[in-house]
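The next block holds one structure in the form of structure tokens; read it before the comments.
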Amino acid sequence: GNPKARYFTNDDVSTDADTWLKGAEEQMGSWWEMWSEWLDEHSGEEKAAPKKLGAAGFEPIVDAPGEYIFG
């Protein structure tokens with residue numbers, strides 16, 4: 001919905017950033033839609049979230065992710 005939103009695409013990723021940008025095409029809109037489509041094509045089936053945080057050898061250090069920054 002933002003008329004100012006734009007992003008650039010270029011399938012050639014073998015060059016440096018400046019060369020990539022010179023060969024890129026401007027796209028109007030948000031890159032999120034393209035990214036969402038790419039994720040849909042490259043993702044597997046959805047899995048249920050784990051019932052608890054951590055795994056064997058990786059026990060959680062706090063109750064919620066990111067909580068440690070408030071300590």
Taking all non-hydrogen atoms of both residues, which atom of [X] and which atom of [Y] are closest, and how far apart?
X	Y	answer
N10	A24	ND2-N, 3.6 Å
D16	D18	OD1-N, 3.1 Å
P60	G54	CD-CA, 3.9 Å
T15	W20	OG1-N, 3.4 Å

>> For residues W38 and M34: do they belong to one hydrophobic cluster (side chain heavy atoms under 4.5 Å, members Ile, Leu, Val, Met, Phe, Trp, Tyr)?
In response: yes
> If two hydrophobic side chains count as joined below 4.5 Å and joins carry through other members, does L39 share a cluster with Y7?
Replying inline: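 Looking at the clustering, Y7 is in the same group as L39.
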> To the nearest 0.5 Å, how far apart are CD in E37 and NE2 in H42?
Replying inline: 12.0 Å
>> Could you tell me if T9 and Q27 have a donor-acceptor pair between their side chains, going purely by distance under 3.5 Å?
In response: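 Note: Q27 and T9 side chains meet the donor-acceptor criterion.
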> For atom CD of E26, is the number of surrounding heavy atoms from other residues, nucleotides or ligands below 6.0 Å larger than 12?
Replying inline: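 Atom CD in E26 is packed in, count exceeds 12.
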> Would one find more than 12 heavy atoms of other residues, nucleotides or ligands at under 6.0 Å from atom CG of D11?
Replying inline: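 Incorrect, the count does not exceed 12.
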